[in-house]
J.: 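Take a look at the following structure, please.
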Amino acid sequence: MRIAIFSDNFYPEISGVSDSVISLARELSARGHNIRFYVPAYSQKDYKKGGGAAENPPLGPRVEFQRLFSVPYPTPTGQGRAVIPTGFRSVSLRRFNPDVIHTQLFFGAGIEALIASRILKKPLVGTNHTALKEFLKYSPVRAAWVERLALRYVNWYYAHCEVITAPSRSVIGEMEFFGFEKETHVISNPIDTKLFAPSANINILRRKFGFPEYSVIHAGRLGEERKVDVIVRAIALAKKKIPAIALAIAGRGADEARLQDLAASLDIGNAVHFLGFLDHKTLAEAYNASSVFAITSTADTQSMVMMQAFACGIPAIGVKSRGIPEYIRPQNGYLIEPDDPNALAEKIIFLFKNPAMRKKLGHGARVFAEKFSATAIAKEWEMIYKKVVEQYAKKRREA
């Protein structure tokens, strides 16, 4: 099958969307499909920030890339690019002759996908990754009418797709609240369960990172809406009962300096390790060197980093917000209310004082993550693509 993927967010931008589409393309190409990406062109500054060197990720000979002219745009990652849709990209897409077009977002590249699907008469499949209300906090205009208009636009956009998916029910629920009625599916982002896997060298990895036995880890972009300060405050509370406890924070973002100042003000500066941006191999090692993953974000529609931590066999403590409760289950972790460092500290202390439970939840986390391996998710997409192509062809015959 020939699949064209349009995304407004891609390598080297640091985000779950980028990781997701890259992982999916890698697996689909390994299964014999041909992929062509239509994604923004980024600046050298963006490549340096994302830790990238090559222009495109190495995904094999079956994967092609077309970089689209774009301009800087303020987003939580600080690397955002806005593609200016022209409709002219359908010329090169005609040569590729896709069986299906898969749009990942609804901005400039997404509009380009919509135009191409109409010009070339190809079926359009859409994925909505976005907690739009959280994204709109970065908009230069903040008002209730802007939010309503944006949510209605999202529904208008995805109404042009044959099938719509999202990584959590919370995203689809938001769309349905504003009247969306088309066919929808919840499909997890794919997880690289080969790279992110339990290690037998935990003690070696702890020495490598300088982690003590009692270590909590968080990973991801450090933005205000991710509320990592709640984790820092919880560690300060937990440290009263477990003096040797430490927190590792992997990632960068606008909130990094504030979090460093907070740790210092709570007198736990030496117990909080800011690891910066880590490539996937090193991040997997950091997970294995830790014992518990904590996430307090109220904006995540799934959380790729949490799923990667699960794959490494460590349990999670997360908040009852957005897509998090759909993936934290009794067999892999605990849920707490948002913005409650005391509740988080209590769960952290409980897990460190009950190693048997921590081990049981860690095993459950790995088993759970395997359901969302890149292979399993690629198989789901193969079935959806096949169904959409067949139904679209039938619809055109009957028109």
Side-chain angles (χ1 to χ4, degrees), residues 3-10 13 15-25 37-40 73 75-77 80-83 85 100-117 123-139 146-190 221 225 297-304 306-307 321-327 372 377 380-381 384-385 387-388:
I3 306 158
I5 299 178
F6 284 74
S7 179
D8 290 275
N9 185 305
F10 195 66
E13 191 164 358
S15 77
V17 175
S18 179
D19 286 350
S20 172
V21 295
I22 287 171
S23 182
L24 178 61
F37 276 109
Y38 288 80
V39 292
Y73 183 80
T75 64
T77 67
R81 308 292 296 188
V83 171
V100 64
I101 298 173
H102 189 171
T103 176
Q104 301 291 330
L105 289 166
F106 41 80
F107 302 110
I111 291 296
E112 200 70 57
L114 178 56
I115 294 171
S117 74
L124 183 66
V125 174
T127 295
N128 186 359
H129 298 267
T130 310
L132 190 62
K133 289 184 179 180
E134 297 296 335
F135 183 86
L136 288 174
K137 291 179 180 179
Y138 291 85
S139 171
V146 173
E147 182 177 290
R148 289 193 299 271
L149 183 63
L151 289 166
R152 293 188 187 282
Y153 163 75
V154 170
N155 277 10
W156 170 85
Y157 177 81
Y158 284 110
H160 291 84
C161 299
E162 303 299 315
V163 170
I164 299 87
T165 75
S168 66
R169 181 68 204 170
S170 66
V171 178
I172 294 172
E174 185 175 77
M175 296 173 71
E176 290 177 342
F177 181 80
F178 281 84
F180 196 79
E181 296 180 342
K182 295 198 73 170
E183 180 182 350
T184 59
H185 299 270
V186 175
I187 299 182
S188 167
N189 292 313
R221 176 179 41 80
E225 77 285 353
S297 169
T298 55
D300 280 56
T301 57
Q302 178 180 16
S303 179
M304 289 286 284
M306 180 180 74
M307 299 298 286
S321 180
R322 288 285 178 179
I324 301 301
E326 296 179 44
Y327 289 94
F372 309 106
I377 299 303
E380 286 193 53
W381 275 111
I384 286 179
Y385 291 148
K387 177 183 175 183
V388 166

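Along the sequence shown, residues carry numbers from 1. When reading the values below, keep in mind they use all heavy atoms of this one structure, side chains included, and skip hydrogens, waters and symmetry mates.
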J.: Is it true that the side chains of His102 and Thr127 contain a donor and an acceptor less than 3.5 Å apart?
T.: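 The criterion, which ignores hydrogens and geometry beyond distance, is satisfied for Thr127 and His102.
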J.: Donor-acceptor pair, distance only, cut-off 3.5 Å: does the side chain of Ser23 make one with the backbone of Ser20?
T.: no
J.: Does the side chain of Ser303 come within less than 4.5 Å of Ile324's, by heavy atoms?
T.: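 SC-SC contact between Ile324 and Ser303 confirmed.
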J.: Roughly how far apart are Ser297 OG and Arg221 CZ, rounded to 0.5 Å?
T.: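 Ser297 OG to Arg221 CZ: 8.0 Å, rounded to 0.5 Å.
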J.: Do His129 and Asn189 come within less than 4.5 Å of each other through their side chains, counting heavy atoms only?
T.: yes
J.: Of all the heavy-atom pairs spanning Gly110 and Tyr157, show the shortest one and how long it is.
T.: O-OH, 2.7 Å
J.: Once the angle between the rings of Phe6 and Tyr38 is folded into 0 to 90°, is it parallel (under 30°), tilted (30 to 60°) or perpendicular (over 60°)?
T.: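 Ring orientation of Phe6 relative to Tyr38: parallel.
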J.: Enter the distance from Arg81:CZ to Phe10:CZ here, rounded to the nearest 0.5 Å.
T.: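 With rounding to 0.5 Å, CZ (Arg81) is 15.0 Å from CZ (Phe10).
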J.: Between Asn9 and Ser18, is there a side-chain heavy-atom distance shorter than 4.5 Å?
T.: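 Ser18 reaches Asn9 side chain to side chain.
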J.: Which atom pairs, donor and acceptor, lie under 3.5 Å between side-chain atoms of residues 149-156 and protein residues at least two apart or in another chain?
T.:
from: Tyr153; atom 1: OH; to: Phe106; atom 2: O; distance (Å): 2.6
from: Asn155; atom 1: ND2; to: Met175; atom 2: O; distance (Å): 2.9
from: Asn155; atom 1: ND2; to: Phe178; atom 2: O; distance (Å): 3.1

J.: Return the minimal non-hydrogen interatomic distance between Gln302 and Pro167, and the atom names on each side.
T.: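 Gln302 and Pro167 have their closest heavy atoms at OE1-CB, 3.5 Å.
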J.: Under 6.0 Å between ring centres, would you say that holds for Phe180 and Tyr158?
T.: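 Ring centres of Tyr158 and Phe180 not closer than 6.0 Å.
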J.: Taking all non-hydrogen atoms of both residues, which atom of Ile377 and which atom of Ser188 are closest, and how far apart?
T.: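 In this case the closest contact between Ile377 and Ser188 is CG2-O, 3.5 Å.
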J.: Kindly indicate, with the supporting measurements, whether the criterion side chain to side chain contact (heavy atoms under 4.5 Å, CB included) is fulfilled by Trp381 and Thr165.
T.: CA-CA 10 Å; Trp381 275 111; Thr165 75; 3.5 Å; yes
J.: Closest heavy-atom contact between Glu112 and Pro85?
T.: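 Shortest heavy-atom separation between Glu112 and Pro85 comes out as OE1-CA, 3.1 Å.
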J.: Do any pairs count as a salt bridge (Lys or Arg N to Asp or Glu O under 4.0 Å) and have a residue in residues 177-186, sequence neighbours left out, and if so which ones?
T.: Glu183-Lys387
J.: Roughly how far apart are Glu174 CD and Ile172 CD1, rounded to 0.5 Å?
T.: 11.5 Å
J.: Given Leu124, which partner from the list Thr103, Val388, Val100, Ile164 fulfils the side chain to side chain contact (heavy atoms under 4.5 Å, CB included) test?
T.: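 Per the side chain to side chain contact (heavy atoms under 4.5 Å, CB included) rule, the option paired with Leu124 is Thr103, out of Thr103, Val388, Val100, Ile164.
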J.: Which pair of non-hydrogen atoms, one from Ile187 and one from Ile384, has the smallest distance, and what is that distance?
T.: CD1-CD1, 3.0 Å
J.: Find the distance between CG (Leu114) and SG (Cys161) and round it off to the nearest 0.5 Å.
T.: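 Here the interatomic distance stands at 7.5 Å.
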J.: Glu326 side chain to Arg169 main-chain N or O, any donor-acceptor pair under 3.5 Å?
T.: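 Side chain of Glu326 to backbone of Arg169, a donor-acceptor pair under 3.5 Å: yes, one is there.
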J.: Indicate yes or no: at least one non-hydrogen side-chain atom of Val21 is less than 4.5 angstrom from one of Val39.
T.: no
J.: Mind checking whether Tyr327 and Phe372 have parallel, tilted or perpendicular rings, split at 30° and 60°?
T.: perpendicular
J.: Would you call Tyr73 and Asp8 a side-chain contact if the rule is heavy atoms closer than 4.5 Å?
T.: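 No; the side chains remain at least 4.5 Å from each other.
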J.: Ignoring hydrogens and geometry, is there a side-chain-to-backbone donor-acceptor pair from Ser168 to Thr301 under 3.5 Å?
T.: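 Answer holds: yes.
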